[in-house]
Amino acid sequence: MRHLEKLESQSVYILREAYAHFKSLVMLWSIGKDSTVLLWLARKAFFGHVPFPLVHIDTAYKIPEMIEYRDRLALEFGLNMIVGQNKQALAEKRTFPDGNLDRLACCKTLKTEALVNTLAGKWTRERLNHKTGKYEPDTSTEPYTGVIVGARSDEEGSRSKERYFSPRDKRSDWAVGDQPPELWNQFKTDFAPGTHIRIHPLLDWTELDIWEYIGQENIPITSLYFDRGKGERYRSLGCYPCTTPVKSTAKNVQEIIAELKTGKFANIAERAGRAQDKEDGGGLETLRREGYM
Amino acid sequence: MTNAQEKMNIVIVGHVDHGKSTVIGRLLSDTGSLPQGKLEQVKLDCERNAKPFEYAFLLDALKDEREQGITIDTARCFFKSAKREYIIIDAPGHIEFLKNMISGAARAEAALLIIDAKEGIQENSKRHGYLLSMLGIRQVAVCVNKMDLVDYSQKTFEHIQKNYTEFLAQIGLKPKFFVPIAAFKGENMIHPAESMKWYEGPSILGVLDGFEKAPSVEKRPFRMPVQAVYKFTEQHDERRIVAGRVESGAIAVGDSVVFLPSHKRSEIKTIEGFQAAARTAVSAGYSTGFTLKEQIYINRGEIMCKAADILPLVSTLLKVKIFWMGKSPMVLEKEYKLKLGTAKVPVTLKAIHKVMDASELRKTEKKMIERHDVAECTLECAWPVAFDLTGDIEATGRFVIVDQYDIAGGGIVMEMVEDQQSSVREQVALREEKWDASMIGADERQNRYGHGPKLVLLTGPVGVDKKSIAKQVEKSLFDQGLKTYFLGIGNLLRGIDADIDRHKKSRREHVRRLGEVGNLFMDAGLIVLATASNLDDDELRLLQEILRRESMLIVNVGTNHFREGAIDLQLDEKASVAENVLKTLALIQS
Ligand SMILES: Nc1nc2c(ncn2[C@@H]2O[C@H](COP(=O)(O)OP(=O)(O)OP(=O)(O)O)[C@@H](O)[C@H]2O)c(=O)[nH]1
Ligand SMILES: [Mg+2]
């Protein structure tokens, strides 16, 4: 078996285990390359179908092209697409560039809080109507207790310590010191009421694996990752106030792979362009403990 | 476009503070595998917090880890040698985090076990060694670290080498290499060390490159634990796909397959995939899916096997070695769950043969298995499971034990123990092998009827009215348009059982016939309501051989003599029939 085949097989196995054990399961789709690969893997696992909803948290600071791309794929793949947002914070301008929040607090408000409340069914969810192509308030407020996420262990320190199946308690806390054992593909699939679970099928993938797989499978990916003539592209997609493009002339997947393997990014961390990681020694760990993905 | 580069998973284990994270940090930094600026950033962090720099901080990313200077959870990192790419798993050495060490080590193909030259062999040096052998990791290199603290003494090194080799020999492990290193200073890490000219073997990098990939299991018997049977009818997809990952062997379209423990048989019709080249054969490692020629009724948890291969064993009794990580000890009589492959079965600890403290390997007379103990014991499952001995096929020869909601133990199967049902099991295997299937598939029947088959069995003491409940339930189901049938035991006794006496000795045969008749009605797609007084655990076990446990619903009315968890519903004999009927209906329709 080739390396990518092994990665694919393991991820598919994990996705099927998740589907077998959790009734109210969703997959987070950030529109970025990782979660798009995850979406692709779900279609592999379920033979062309995606038998659970996809949730996107729209911070309203997402680059507009990301939203167009999301809806195009959702319609094309027949996805059960759900969008959540912290409408109140946005209305009150409690955000980073516009309000007086710092970057970490903004992430917490627009992403973590929105995510936690959307999953819990406490805030309105918008569901895509495939007939009209428009979003409508979702009538179901059923909480989602299993959440599939595209985190990779090579991204950053605290993610390298994740399990494939990782429980979070009622307050979404991550007990990093006391994670369940996970061996021989036996995952934690039994839960006390009130706990929910994060599932990480991409833990073993590196950034390079992701791009090689995108190339191999011809996965449609948003064009923001490519240089479109200005000599810059996004390496990691987030909100525009906190994500800066990198200088690069890679115009397609093959050029990105070359750049990662031997070129200018061969040893520069992917999230180097994400400002919120740097604000405190364990910035992302703090966020993650509170429910950030 | 291919990525032919070979990858290998390596775990680093050993006693607390012996230098595991330092070894990895140093390797990453000396091979230039760190992202630009990372080393400087960590050094700066240390300066800012007035702490001496540690290579370990490159791995110990959690705040608590850096504050306490220990590893709490396994970290994964990546680096490349000229030969291949490595995924290095840094395991914690502290006993408190043993379950994290196990989680990390269970993924590895080979291990580096680090021993501090000055402190020598410690408790977890041994415990980790033992666990590596149980986890199935056969390639181990022992690194004697911090040689700088013992003046690079060859004598100290050889002393540790001798003692530790003896210890590993007791548990059947033979280390591939013994290497003296000084990780912090980078000696013998990627280049031979000037300070230890007496050592002629490879440096750590050479050791890693010296590990071999495990031989492929493609030539072994075929095994695929069934993860699910999918049918996405709402998406207008009529395929009925048996999905799972091939754990061993290979299979092709047209091969005959048998599912264990049910012994159901069919033939591979197609191999399914999405956005992938069409396949006519598939082998170990692939997550895949099959459609079958005869539509049979099978569930998650069975192992799909090739009929022509040596088949797995089936029993309710397994002799195993386990290690325990649970907060409360594993005790006799309590019900746990066993997860093997994709099967999940209630299990109890039937007998403890030996318990040993993993670091000492002492036999004790303990009556329970405590946290961090390793034990040899016999497990009894509530219904039969299919498995292999770990020496034959690893993937289907190991399991975990769930206590309440947590994985609390892991283990490997050493032997099968024959239980009382082995002769019936053979009969059933033969029945399934020769089964003459009709042209109507089980799922076609299910689609037409709008429900699957079930056997609802009401039992309880003699004199307690079970029949009224059964008949009322039948009537209600019938009125809802379901296909159902009341199977009166009296109708069997004077008919199909007329040739055997009604003596206690013959009870087993009566129960067997009840099961077989139930099986026929279920094959016809019906929801069968049967009653039988005074069934006991053994008789339930017998029925579970003849019919799959998932296809039965056991309802007890009145005093309950079954072991914990054996039945699906308990009814009060004093409650009204109407009330009990509602409860039974709710169970059937849940
Ligand atoms: N003198 C000397 N000290 C070393 C050497 N290697 C590691 N150390 C020190 O030993 C201490 C423990 O090292 P770690 O790498 O954190 O040990 P560990 O085995 O990862 O510890 P846990 O993960 O907590 O079990 C640190 O202070 C290291 O600097 C060495 O070669 N020589
Ligand atoms: Mg460590």
Side-chain angles (χ1 to χ4, degrees), chain A residues 1-6 8-13 16-17 19-20 40 43-49 51 78 153-154 156-158 160-161 163 176-177 179-192 195 203-204 206 208-209 212 215-217 254 257 267-269 272 281-282 285-286, chain B residues 1-7 32-38 45 59 61-64 72-78 87 97 99-100 102-103 106 135 227-228 230 232 235 237 239 241 243-245 272-276 285-287 289 300 325 337 339 342 395 398-400 402 404-407 410:
Chain A
M1 267 180 122
R2 292 180 304 115
H3 174 60
L4 286 182
E5 290 179 315
K6 277 191 197 160
E8 178 190 85
S9 175
Q10 176 72 352
S11 302
V12 164
Y13 186 84
R16 289 180 182 162
E17 285 302 286
Y19 186 53
W40 193 261
R43 299 174 84 214
K44 290 256 177 189
F46 307 105
F47 304 93
H49 311 286
S153 55
D154 76 327
E156 160 275 339
S158 71
S160 77
K161 309 228 169 206
R163 298 283 196 267
V176 246
Q179 300 197 69
E182 194 164 76
L183 48 150
W184 304 320
N185 283 315
Q186 296 292 358
F187 313 117
K188 180 172 169 70
T189 50
D190 300 86
F191 292 94
T195 33
L203 270 195
D204 299 336
T206 63
L208 181 60
D209 295 330
E212 294 194 325
Q216 170 188 303
E217 298 285 316
Q254 296 320 318
I257 292 171
N267 50 22
I268 296 180
E285 181 191 340
T286 313
Chain B
M1 189 211 58
T2 59
N3 180 353
Q5 261 273 11
E6 187 175 278
K7 299 239 180 184
S33 311
L34 291 170
Q36 213 175 61
K38 174 91 185 190
D45 276 356
L59 286 303
L62 303 176
K63 284 182 187 169
D64 290 350
I72 291 176
D73 208 339
T74 46
R76 258 176 274 207
C77 51
F78 303 82
I87 299 154
F97 310 121
K99 64 179 170 30
N100 298 340
I102 286 170
S103 305
L135 290 166
Q227 277 187 294
Y230 295 126
F232 298 102
Q235 282 76 34
D237 185 344
R239 292 173 298 175
I241 304 172
R245 177 165 61 189
E272 296 293 327
F274 170 73
Q275 297 263 328
Y286 289 92
S287 287
R300 176 183 162 90
M325 307 172 267
K337 270 172 247 134
K339 296 213 293 184
T342 52
R398 55 200 184 190
F399 59 87
V400 296
V402 176
Q404 281 257 346
Y405 303 111
D406 298 315
I407 293 180

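Numbered from 1 within each chain, the chains take letters A, B, ... in sequence-line order.
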* Approximate separation, where rounding is to 0.5 Å, of A:R43 CZ and B:F274 CZ -> 3.5 Å
* Asked: Of the backbone (N, CA, C, O) and the side chain (C-beta and beyond), which part of A:Y19 lies under 4.5 Å from a heavy atom of chain B, both, or neither?
  -> side chain
* Would you say the side-chain atoms of B:R245 and A:Q10 include a donor-acceptor pair closer than 3.5 Å? -> yes
* To do: For each of A:E8, A:R16, A:E182, tally heavy-atom pairs with chain B at distances under 4.5 Å, and name the one with the top tally.
  => A:R16
* For A:Q186 and B:I407, work out which heavy atoms get closest and say how close. => O-CD1, 3.6 Å
* Side chains of A:H49 and B:Y230: closer than 4.5 Å at any heavy-atom pair? -> no
* To do: Using modelled atom types only, decide if a donor and an acceptor are shared between the side chain of A:K6 and the backbone of B:K7 within a distance under 3.5 Å.
  => no
* Under 4.5 Å, counting heavy-atom pairs only, tell me which of B:R300, B:R239, B:K337 racks up the most with chain A. => B:R300
* Asked: If you count heavy-atom pairs under 4.5 Å between each of B:G273, B:A395, B:A276 and chain A, which one has the most?
  -> B:G273
* Under 3.5 Å, is there a donor-acceptor pair between the B:Q227 and A:E17 side chains? -> yes
* **Side-chain heavy-atom pair B:I87, A:D204 within 4.5 angstrom cut-off** => no
* Asked: Looking at the rings of B:F232 and A:F47, which for Trp means the six-membered one, are their centres under 6.0 Å apart?
  -> no
* To do: Mind running side chain to side chain donor-acceptor pair (under 3.5 Å) on A:T189 and B:K339 for me, showing each step along the way?
  => CA-CA 10 Å; A:T189 50; B:K339 296 213 293 184; 2.7 Å; yes
* Taking the side chain from A:S9 and the backbone from B:G285, do they hold a donor-acceptor pair closer than 3.5 Å? -> yes
* **Pairs of heavy atoms under 4.5 Å with chain B: top-ranked of A:V12, A:D190, A:N185** => A:D190
* Examine distances only and state if a side-chain atom of B:K99 and a backbone atom of A:P181 form a donor-acceptor pair shorter than 3.5 Å. => no
* Asked: Which distance, rounded to the nearest 0.5 Å, do you find between the CZ of A:F46 and the CG of B:D237?
  -> 13.5 Å
* Asked: Counting heavy-atom pairs under 4.5 Å to chain A, which of B:A243, B:G289, B:G410 comes out on top?
  -> B:A243
* **Flag side-chain contact, heavy atom, 4.5 Å: B:L135 against A:W184** => yes
* Any side-chain heavy atom of B:Y286 within less than 4.5 Å of one from A:Y13? -> no
